[in-house]
Student: 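The structure under discussion is supplied below as structure tokens; questions concerning it will follow.
We number each residue from 1, following the sequence as shown.
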Amino acid sequence: MATLYPLKFTPILKDKIWGGNKIETILKHKISPLKNCGESWEISGIVDDESVVANGFLAENNLNELMEIYLTDLVGEKNYEKFGLGFPLLIKFIDAQDNLSVQVHPDDTFAQERYGQNGKTEMWHVIQADEGAGLYVGFNQKITAQQYLDAVENGTLEDYLKFYPVKSGDTFMIPAGTVHAIGKGVLLAEIQQPSDITFRIYDWNRVDDKGNSRELHTEEAFDAIHSEENLADFQVHYEHEMNKTVTLVHSPYFNTNLLEMDMQVDKSFVQLDSFVIYMCLEGSAFLVSGDSKERLETGEVVLIPAEIDQLQIIPDPKAKLLEVYCS
């Protein structure tokens with residue numbers, strides 16, 4: 001079997017009522033024909049939205065086909081034992097020109113019992129934010145079940161939401177069961193469990209071009225919310241350090257690090273037993289592994305298969321990367 005190499009995929013662009021144009025203008029390598037491009041799915045194994053390889057001899061094969069052929073060479077032994085043929089992450093860029101709906105995702109137990117699927121824990125890393133832009137994550141005060149239901153019915157749920165003004169580099173971990181919404185003016189990277197189960201609670205009284213409002217899932221959302229946990233601080237606090245691997249999130253679902261670079265960094269994955277994903281947020285870099293040399297530009301994402309155990313990252317001349325893996 002031919003040796004695997006760093007894999008790039010063709011982005012899957014999603015038109016959203018709240019989307020804008022930053023995915024094309026700030027993440028410069030992308031060309032979007034969509035009027036309101038809200039999401040770019042970079043690596044996905046979700047059925048009917050499978051990512052397709054864009055480089056090398058595996059071009060035009062989708063991620064799920066690769067999973068069936070390469071198994072542990074692609075994702076690592078532990079990930080294959082845990083997730084089987086399902087790729088364990090969904091990687092996106094999201095551009096909110098308007099507020100996203102206030103929503104909640106179920107945890108694994110809830111989602112398995114009702115839908116036979118995984119739940120959805122996710123994290124956000126802000127790439128760019130307009131002045132005054134922010135994120136809604138959790139509640140700003142204790143809220144009873146009746147207060148919650150009244151606020152949903154009266155359209156006043158915003159009064160109970162915790163609002164975080166944000167800037168580039170701000171990072172948030174959002175466990176399943178947390179009420180949240182991306183505010184207008186924010187472009188971010190999202191790493192999540194591969195689930196698209198979303199319970200919409202409030203949609204800012206929006207209607208589409210035909211005057212119809214989107215469906216709400218009030219009862220399902222109420223059952224999914226982890227009330228006490230919604231009072232936590234969801235922002236990740238970390239120190240910036242050049243040319244070092246800085247930990248942002250370490251969780252049972254994914255691990256995410258930040259690499260801000262102006263000199264070469266050598267990586268060894270011998271003990272990792274996982275694929276590694278790099279998301280280029282700023283600048284560009286070369287990824288060198290054996291005879292393979294892949295250039296990564298702003299807004300591009302690459303999957304390093306688990307069988308690759310050594311990698312050199314060479315910024316050109318600077319780069320800001322997210323490093324993501326499961327272990």
Side-chain angles (χ1 to χ4, degrees), residues 16 18 38-39 41-44 46 88-96 99-111 117-127 129 133-141 143 148 157-158 160-204 217 220-238 247-258 277 279 281 322 324-326:
K16 300 289 183 178
W18 39 260
E39 298 185 357
W41 289 26
E42 299 295 317
I43 300 181
S44 166
I46 290 179
L89 295 178
L90 175 56
I91 305 295
K92 301 178 183 177
F93 292 114
I94 297 179
D95 172 24
N99 291 334
L100 273 70
S101 62
V102 179
Q103 55 192 238
V104 66
H105 306 298
D107 61 22
D108 287 341
T109 300
F110 185 109
Q117 300 182 36
N118 291 326
K120 182 175 172 181
T121 286
E122 60 192 341
M123 68 158 285
W124 296 332
H125 183 87
V126 176
I127 299 170
L135 303 170
Y136 300 86
V137 192
F139 294 132
N140 58 27
Q141 58 188 283
I143 180 172
Y148 164 82
L157 188 64
E158 182 180 354
Y160 292 95
L161 299 177
K162 186 184 297 183
F163 180 75
Y164 295 84
V166 297
K167 63 184 184 305
S168 175
D170 286 350
T171 302
F172 293 79
M173 180 65 173
I174 301 129
T178 305
V179 174
H180 62 278
I182 301 173
K184 61 182 178 182
V186 178
L187 173 69
L188 56 76
E190 180 176 270
I191 295 114
Q192 60 160 93
Q193 288 179 269
S195 168
D196 217 23
I197 303 176
T198 296
F199 301 138
R200 195 177 297 117
I201 305 169
Y202 174 61
D203 199 32
W204 313 98
H217 313 100
E220 297 95 331
F222 180 76
D223 291 341
I225 292 171
H226 295 181
S227 299
E228 291 300 320
E229 296 172 19
N230 272 268
L231 297 173
D233 178 9
F234 295 95
Q235 185 165 2
V236 174
H237 303 281
Y238 66 96
T247 300
L248 298 180
V249 168
H250 182 73
S251 80
Y253 306 104
F254 48 78
N255 303 289
T256 303
N257 302 322
L258 177 67
I277 293 167
M279 308 180 72
L281 308 184
L322 290 183
V324 186
Y325 58 92
C326 295

Student: Taking all atoms of both residues into account, what is the closest heavy-atom pair of N118 and P194, and its distance?
Tutor: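 Taking every non-hydrogen atom into account, ND2-CG, 4.3 Å.
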Student: Could you pull out the closest heavy-atom pair between P106 and A176, with the gap in Å?
Tutor: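 Between these two residues, the closest heavy atoms are O-CB, 3.3 Å.
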Student: Parallel, tilted or perpendicular for H125 and Y238, by the 30°/60° rule?
Tutor: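 Judged by the thresholds at 30° and 60°, the geometry between H125 and Y238 is tilted.
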Student: Would you say the side-chain atoms of H226 pair up with the backbone N or O of T178, donor to acceptor, closer than 3.5 Å?
Tutor: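 A pair under 3.5 Å: no.
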Student: Hey, does the side chain of N99 reach the backbone of W18 with a donor-acceptor pair shorter than 3.5 angstrom?
Tutor: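 Answer holds: no.
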Student: L135 pairs by side chain to side chain contact (heavy atoms under 4.5 Å, CB included) with which of L100, L161, V166?
Tutor: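 Only one option passes, and that is V166.
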Student: Can you check whether A232's main-chain N or O pairs, donor with acceptor, with K162's side chain at less than 3.5 Å?
Tutor: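 Flag set: sc K162 to bb A232 pair under 3.5 Å.
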Student: How close do S101 and A181 get, heavy atom to heavy atom, and via which atoms?
Tutor: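 Result for this residue pair: O-CB, 3.5 Å.
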Student: Looking at side-chain heavy atoms only, is the closest gap between V179 and Y160 below 4.5 Å?
Tutor: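 SC-SC contact between V179 and Y160 ruled out.
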Student: So, D108 side chain and G119 main chain: donor-acceptor pair closer than 3.5 Å or not?
Tutor: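 Yes, D108 side chain to G119 backbone: donor-acceptor pair under 3.5 Å.
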Student: Over all heavy atoms of both residues, which pair between L281 and A189 is shortest? Give the atoms and the distance, please.
Tutor: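 In this case the closest contact between L281 and A189 is CD2-CB, 4.4 Å.
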Student: First locate atom NZ of K120, then atom CD of Q193, and finally report the distance between them rounded to the nearest 0.5 Å.
Tutor: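 Between K120 NZ and Q193 CD, I get 9.5 Å after rounding to 0.5 Å.
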Student: Sort out for me which residue in V186, L188, T171 forms a side chain to side chain contact (heavy atoms under 4.5 Å, CB included) with W124.
Tutor: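 Only one of V186, L188, T171 forms a side chain to side chain contact (heavy atoms under 4.5 Å, CB included) with W124, namely L188.
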Student: Return the CE to CG distance between M123 and L322, rounded to the nearest 0.5 Å.
Tutor: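 Here the interatomic distance stands at 6.0 Å.
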Student: Looking at every non-hydrogen atom in both residues, tell me the closest pair between I197 and H105 and how far apart they are.
Tutor: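 For I197 versus H105, the nearest heavy atoms are O-ND1, 2.9 Å.
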Student: Who pairs with D223 by side chain to side chain donor-acceptor pair (under 3.5 Å), at least two apart in sequence or on another chain?
Tutor: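 Testing D223 for side chain to side chain donor-acceptor pair (under 3.5 Å), a comparison that skips the adjacent residues, returns R114.
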Student: Once rounded to the nearest 0.5 Å, what's the spacing between atom CD1 of I174 and atom CD of Q192?
Tutor: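 Spacing of CD1 (I174) from CD (Q192) equals 10.0 Å.
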Student: Taking all heavy atoms of T121 and all of F254, pick out the closest pair and write down the distance.
Tutor: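 Result for this residue pair: O-CE2, 3.6 Å.
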Student: Say whether E122 and H180, considering side chains only, have a donor N or O and an acceptor N or O under 3.5 Å apart.
Tutor: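 Their side chains do contain a donor-acceptor pair, which is all the 3.5 Å distance test asks for.
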Student: Does E158 reach the side chain of F163, with side-chain heavy atoms less than 4.5 Å apart?
Tutor: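 No, their side chains stay 4.5 Å or more apart.
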Student: Mind checking what makes side chain to side chain contact (heavy atoms under 4.5 Å, CB included) contact with A221, not counting sequence neighbours?
Tutor: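 Side chain to side chain contact (heavy atoms under 4.5 Å, CB included) check on A221 returns V104, Y148, F199, I201.
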Student: Within the 4.5 Å heavy-atom criterion, are W41 and I46 side-chain neighbours or not?
Tutor: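 They are in side-chain contact.
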Student: Could you tell me whether the side chain of I94 reaches within less than 4.5 Å of the side chain of K16, counting heavy atoms only?
Tutor: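 Not touching, per the 4.5 Å side-chain cut-off.
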Student: Can you check whether G177's main-chain N or O pairs, donor with acceptor, with D107's side chain at less than 3.5 Å?
Tutor: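 Side chain of D107 to backbone of G177: no pair is present.
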Student: Could you give me the CA-CA distance, side-chain angles and deciding distance for L248 and M173, then say whether side-chain contact (heavy atoms from CB on, under 4.5 Å) is met?
Tutor: CA-CA 9 Å; L248 298 180; M173 180 65 173; over 6 Å; no
